[in-house]
Amino acid sequence: AKFRAARWLWAEIVAAYKPACECACKMVAHAQTSEWNMTVYDAHVNLLRSQTEAMSAALAGVDSITVRPFDKIYQTPDDFSERIARNQQLLLKEESHFDKIVDPAGGSYYIEELTQFIAEAAWKLFLEVQEQGGMVKALESGFVQAAVKATAQKRDQDIANRKENFLGTNQFPNFNEKMDKELCACILEPEDKTAPDAVVETLKPYRGTQAFEAMRIRTDLFAKEQGRRPVVYMFPMGNLAMRKARAQFACNFFACAGFQVMDNNGFKTVEEGAKACMDNKADIVVICSSDDEYATIAPEVYAAMKDKAIIVVAGNPECRPQLEEIGIKNYVHVKCNVLEDLKAYQQKLGIK
């Protein structure tokens, strides 16, 4: 829809200048898959991301496409990744036959509506830039930078809250993946390419998952130095369905930081669970049960484990004020800022 909207607006603008030939209204577009959503962890998922991007560009009818190798962001692409990147386009051409249709997206209500919406929003923004005195003036005044920062901040917040999911990084991470190799500093921090004589504030490109990756790399380095990885142990009790669902949620939550998560089928007594936590040297214990049962189960678990591990409740129960009164301060649930909460747990565990 972005490419289609761009071609439409370009044609309208050029037509207003009454060119000698209507062919001047045609935009020549080259598409390149994004680096913004590529990840270091579970890197092969980048193949799925770049494939859907290449497919979108082909559906939009661009003139040419570049598919970036899936490993480009953390190493020099090798023969395998380069070959796979080339084959991704061949799949769309030879197996999906995208080269046989002039406008595959034409007539699709969803894409047509989205094209219209993007075109109208883009034209409005174009006029706003013109009111600033043009692009140069808009850059000098900081108008462009402010708009980009607002969008970036919104997307960063959505990633941190998992409203925008990155498979393998902020959602459903590979529990067993360890980052053993040294990573260059530009992966952890956005590279500042500002020229010394820059007269305007420059934009600093970065990837959406860099904050999560930097956090997880800190855990990997800590584990390498200490010879062990922080253990997050599930403490399921009570209602079977609720304890299983919350244990799975909590495992997924804490694994995003590279912690070693350990689940089990549940315990019949607090004493049994406390012994298992101690035997497995748990650094964080996550109580998993139903909201109704937390009022009785959580205080007992806290009394047994409060001096031995960080106690966390999976959920946001109505009895939370009562639980906080006795000292249970940590909770994980769907409304959490996953990134900030995991950073806080790292600090409690001495990971810097």
Side-chain angles (χ1 to χ4, degrees), residues 1-39 43-73 77 79-130 134-135 144 147-148 151-152 155 158 164-167 203 205 207-208:
K2 289 180 180 179
F3 280 113
R4 298 170 94 249
R7 286 209 308 269
W8 177 15
L9 291 177
W10 176 263
E12 291 291 326
I13 292 171
V14 175
Y17 286 90
K18 300 186 180 350
C21 176
E22 288 188 354
C23 61
C25 297
K26 180 182 178 182
M27 172 186 279
V28 177
H30 174 75
Q32 182 170 270
T33 56
S34 174
E35 283 189 10
W36 186 85
N37 64 356
M38 296 182 83
T39 61
H44 286 91
V45 182
N46 292 332
L47 292 167
L48 303 179
R49 299 181 181 112
S50 59
Q51 187 70 1
T52 57
E53 291 171 0
M55 182 182 72
S56 297
L59 288 172
V62 300
D63 298 276
S64 55
I65 303 173
T66 296
V67 177
R68 299 176 192 256
F70 73 91
D71 57 352
K72 181 182 184 299
I73 57 170
D79 291 341
F80 172 76
S81 60
E82 291 277 9
R83 180 172 65 83
I84 292 296
R86 292 192 298 272
N87 286 346
Q88 287 180 256
Q89 293 195 50
L90 294 176
L91 285 170
L92 295 174
K93 179 182 178 182
E94 303 296 341
E95 297 192 18
S96 300
H97 307 296
F98 277 20
D99 63 327
K100 299 294 191 293
I101 303 172
V102 174
D103 185 11
S108 165
Y109 173 80
Y110 170 68
I111 297 178
E112 296 284 6
E113 280 290 299
L114 197 54
T115 301
Q116 177 78 23
F117 173 80
I118 292 174
E120 291 175 355
W123 183 250
K124 181 181 177 182
L125 184 58
F126 179 83
L127 295 178
E128 289 177 0
V129 171
Q130 288 300 98
M135 179 58 79
V144 175
V148 173
T151 300
R155 294 200 73 177
D158 287 346
E164 187 167 347
N165 292 330
F166 282 84
L167 185 66
L203 299 172
R207 291 179 297 103

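These figures come from a predicted structure and were not determined experimentally.
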Visitor: Write down the atom of Pro69, the atom of Met38, and the distance for their closest heavy-atom approach.
Guide: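 Minimum heavy-atom separation between Pro69 and Met38: O-CE, 3.2 Å.
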Visitor: Measure across Asn37 and Glu53 and return the closest heavy-atom pair with its distance rounded to 0.1 Å.
Guide: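 Minimum heavy-atom contact is ND2-OE2, 2.9 Å.
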Visitor: A side-chain contact here means heavy atoms from C-beta on lying under 4.5 Å apart; do Thr33 and Arg49 qualify?
Guide: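 No, side chains not in contact.
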Visitor: Give the intermediate values and the outcome of side-chain hydrogen bond (donor to acceptor under 3.5 Å, both in side chains) for residues Gln88 and Ser50.
Guide: CA-CA 8 Å; Gln88 287 180 256; Ser50 59; 2.9 Å; yes
Visitor: Let me confirm one number: the CG-CG distance from Asn87 to Leu92, rounded to the nearest 0.5 Å.
Guide: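 Those atoms lie 11.0 Å apart.
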Visitor: Where is the tightest heavy-atom contact between Leu91 and Gln51, given as atom of each residue plus distance?
Guide: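 In terms of heavy atoms, the two residues are closest at CB-NE2, 4.2 Å.
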Visitor: Measure the shortest side-chain to side-chain distance between Met55 and Leu59 over non-hydrogen atoms and say whether it is less than 4.5 angstrom.
Guide: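 In contact.
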Visitor: Just jot down the ring pair (Phe, Tyr, Trp, His ring centres under 6.0 Å) partners of Trp123, sequence neighbours excluded, or say none.
Guide: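 Counting only residues at least two positions away or on another chain, Trp123 forms a ring pair (Phe, Tyr, Trp, His ring centres under 6.0 Å) with Phe126.
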Visitor: Can you measure from CZ (Phe70) to CZ (Phe80) and round to the nearest 0.5 angstrom?
Guide: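 Reported value, rounded in 0.5 Å steps: 5.5 Å.
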Visitor: Rounded to the nearest 0.5 Å, what separates atom CZ in Arg7 from atom SG in Cys25?
Guide: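 Interatomic distance, Arg7 CZ to Cys25 SG, rounded to 0.5 Å: 13.5 Å.
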Visitor: For the NZ atom on Lys18, are there more than 12 heavy atoms of other groups (residues, nucleotides or ligands in this structure) within a distance under 6.0 Å?
Guide: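 No.
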Visitor: Hey, does Met27 have a side-chain heavy atom less than 4.5 Å from the side chain of Val14?
Guide: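 A side-chain contact is absent here, since even the closest heavy-atom pair is not under 4.5 Å.
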Visitor: Does some side-chain heavy atom of Arg155 sit less than 4.5 Å from a side-chain heavy atom of Trp36?
Guide: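 Sidechains of Arg155 and Trp36: in contact.
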Visitor: Working to the nearest 0.5 angstrom, can you tell me the gap between Trp8 CH2 and Ile13 CD1?
Guide: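 Rounded to the nearest 0.5 Å, the CH2-CD1 separation comes out at 12.0 Å.
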Visitor: Heavy atoms only: give me the nearest Ala57-Ile65 pair and the separation to one decimal.
Guide: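 That closest heavy-atom pairing would be CB-CD1, 4.1 Å.
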Visitor: Counting only N and O atoms by type, is there a donor-acceptor contact under 3.5 Å from the side chain of Asp63 to the main-chain atoms of His30?
Guide: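 Flag not set: sc Asp63 to bb His30 has no pair under 3.5 Å.
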Visitor: Considering non-hydrogen atoms only, spot the tightest contact between Leu9 and Ala119 and give its length.
Guide: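 For Leu9 and Ala119, the tightest heavy-atom pair comes out as CD1-O, 3.7 Å.
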Visitor: Would you please test Glu120 and Gln116 for side-chain hydrogen bond (donor to acceptor under 3.5 Å, both in side chains) and show each step?
Guide: CA-CA 6 Å; Glu120 291 175 355; Gln116 177 78 23; 2.6 Å; yes
Visitor: For residues Phe98 and Ala58, report the shortest heavy-atom separation together with the two atoms involved.
Guide: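 Looks like CD2-CB, 3.6 Å.
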Visitor: Once rounded to the nearest 0.5 Å, what's the spacing between atom OG of Ser108 and atom CD of Glu113?
Guide: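 Taking OG in Ser108 and CD in Glu113, the distance rounds to 10.0 Å.
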Visitor: Say you draw a straight line from CD1 of Ile84 to CG of Asn46; how long is it, rounded to the nearest 0.5 Å?
Guide: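 CG of Asn46 is found 13.0 Å from CD1 of Ile84.
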Visitor: Tell me whether the count of non-hydrogen atoms from other residues, nucleotides or ligands lying under 6.0 Å of CG in Asp99 goes above 12.
Guide: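 Result for CG/Asp99: enclosed.
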